[in-house]
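Because only heavy atoms are used, hydrogens play no part in the values below, and waters and symmetry mates are left out as well, while side chains stay in.
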Amino acid sequence: MAESKKWTLLDWWCGKPWLYATYALGAVMLVVLVLNWSSWGVPQRLMGILCVLLPLHVFEELEWPNGFQFMMNKVIQKSDNPLAYPENRLTDMITNFGAEVLFIVMLALTPVAGNMFVVFMAFFGIGETLAHTVFTVASLKHYREAGMRAPYTPGLATAWLTLLPVGIASLHWLVTSGTFVLGDLWGILFVMFLIGFMIRLPFIISFKIKSTRFAYDDMGYFARFER
């Protein structure tokens, strides 16, 4: 039986508006990046680039070709309702819109934090790419009999072509700038916060509740393999 619900502002926000707001923030950050490029140091430039690239990554995952959330639920998390949980419109809003806002705040604080945030970007860019690669391998194995042959899942392209270069550039800066100190490794805590509180915790709560309120209505890229 379908789950009854009363339409709220949160339901509206978790539809498309939060996505459009994320893209708008990315566009604004692109202007800010261009206007300040010459006056910013390398850490700020890298953080600014990440603020611009995250919305592109979200677009590939959730809009075109779409389907990252379905793959995560069915292939990786073995959900019995992969359109609804644990990843859904609410958790995606918390994770992705929240991450964009977090990155903008980090950009503002980069002159103070310095290489601590560069460490974060190195781990984030490289880690996100490795994760998407693992997801793609798992999807190829899962959908092999359904005809999946292309080594691709939504999010993989922007991970490899944009986030990975930011991660490598950040690592290069840490190695060659001569400014790295052991205390910069506190940046790993920001990675742990992002994974633990902005990704995993919403998933855990969503999977426990098993609500269909914020379910997606299509499988995106993976619909062709579910026939």
Side-chain angles (χ1 to χ4, degrees), residues 22 26 42-43 45-79 82 86-87 91-92 94-100 102-103 106 115-144 148-176 180 184-204 207 220-222 225:
T22 302
V42 173
R45 291 176 181 177
L46 290 171
M47 197 72 233
I49 291 172
L50 187 58
C51 291
V52 174
L53 295 181
L54 181 63
L56 293 177
H57 187 57
V58 172
F59 178 82
E60 183 189 6
E61 287 184 341
L62 303 180
E63 293 235 78
W64 191 85
N66 185 17
F68 172 80
Q69 70 285 353
F70 181 81
M71 176 273 297
M72 278 295 293
N73 286 342
K74 180 164 187 176
V75 177
I76 306 300
Q77 303 187 90
K78 311 301 181 184
S79 171
E87 184 172 349
T91 64
D92 279 338
I94 294 171
T95 298
N96 295 299
F97 182 73
E100 180 67 7
L102 174 65
F103 289 176
M106 291 172 68
N115 286 341
M116 187 167 65
F117 289 167
V118 180
V119 169
F120 168 86
M121 288 184 282
F123 272 84
F124 178 81
I126 296 172
E128 186 76 2
T129 304
L130 289 175
H132 273 277
T133 302
V134 170
F135 298 157
T136 300
V137 171
S139 297
L140 282 168
K141 182 178 179 181
H142 182 88
Y143 287 110
R144 181 183 302 153
M148 185 176 182
R149 297 292 181 269
Y152 173 80
T153 52
L156 184 71
T158 47
W160 273 92
L161 297 177
T162 66
L163 300 182
L164 180 61
V166 170
I168 293 175
S170 300
L171 188 61
H172 181 267
W173 168 257
L174 291 171
V175 173
T176 63
F180 175 79
D184 293 332
L185 292 178
W186 283 106
I188 297 175
L189 289 180
F190 287 85
V191 179
M192 295 172 63
F193 172 80
L194 184 66
I195 296 173
F197 288 93
M198 297 181 69
I199 300 177
R200 289 304 306 160
L201 183 59
F203 281 1
I204 291 171
F207 199 79
Y221 179 80
F222 296 94
F225 306 119

Pairs touching residues 186-202 that satisfy side-chain hydrogen bond (donor to acceptor under 3.5 Å, both in side chains), sequence neighbours left out: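 side-chain hydrogen bond (donor to acceptor under 3.5 Å, both in side chains) check on residues 186-202 returns Q77-R200.
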Output yes when a side-chain donor or acceptor of [X] lies under 3.5 Å from a complementary backbone atom of [Y], and no otherwise.
| X | Y | answer |
| --- | --- | --- |
| T95 | M198 | yes |
| E100 | T22 | no |
| R149 | R144 | yes |

Would you name the heavy atoms of [X] and [Y] that are closest together and state the gap between them?
| X | Y | answer |
| --- | --- | --- |
| P43 | W173 | CG-NE1, 3.7 Å |
| L50 | F120 | CD2-CE2, 4.2 Å |
| Q69 | E61 | OE1-O, 3.8 Å |
| S170 | V118 | O-CG1, 3.4 Å |
| A138 | I76 | CB-CD1, 3.9 Å |
| P82 | S79 | N-OG, 3.6 Å |

Please step through side-chain contact (heavy atoms from CB on, under 4.5 Å) for the pair F203 and N73, ending with a clear verdict. CA-CA 10 Å; F203 281 1; N73 286 342; 5.8 Å; no
Answer whether the closest heavy-atom distance between the side chains of [X] and [Y] falls below 4.5 Å.
| X | Y | result |
| --- | --- | --- |
| T153 | M148 | yes |
| V137 | K141 | no |
| L156 | F135 | no |
| F225 | S139 | no |
| L163 | T158 | no |

Quick check for you: to the nearest 0.5 Å, what is the distance between [X] atom [atom1] and [Y] atom [atom2]?
| X | Y | atom1 | atom2 | answer |
| --- | --- | --- | --- | --- |
| E87 | I94 | CD | CD1 | 11.5 Å |
| L54 | L102 | CG | CG | 10.0 Å |
| M121 | N115 | CE | CG | 8.5 Å |
| L185 | F180 | CG | CZ | 4.0 Å |
| M116 | I188 | CE | CD1 | 11.5 Å |
| I199 | L194 | CD1 | CG | 4.5 Å |

Using ring centroids (six-membered ring only for Trp), state whether H132 and F68 fall under 6.0 Å.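 F68 vs H132: aromatic centres under 6.0 Å.
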Do F103 and F124 have ring centroids that are under 6.0 Å from one another?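 Yes - the distance between ring centres of F124 and F103 falls below the 6.0 Å cut-off.
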Report the C-alpha separation of L62 and N96 in whole Å, then their side-chain angles, then the decisive distance to 0.1 Å, and conclude whether the side-chain contact (heavy atoms from CB on, under 4.5 Å) test is met. CA-CA 10 Å; L62 303 180; N96 295 299; 3.9 Å; yes
What's the verdict on side-chain contact (heavy atoms from CB on, under 4.5 Å) for L130 and V134, showing C-alpha distance, side-chain angles and the deciding distance? CA-CA 6 Å; L130 289 175; V134 170; 5.6 Å; no
Identify, with sequence neighbours excluded, every residue that meets ring pair (Phe, Tyr, Trp, His ring centres under 6.0 Å) alongside F190.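 Ring pair (Phe, Tyr, Trp, His ring centres under 6.0 Å) list for F190, sorted by chain: F117.
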Do other residues, nucleotides or ligands put more than 12 heavy atoms under 6.0 Å from Y143 OH?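 Yes - once you tally the heavy atoms of other residues, nucleotides and ligands closer than 6.0 Å, there are more than 12.
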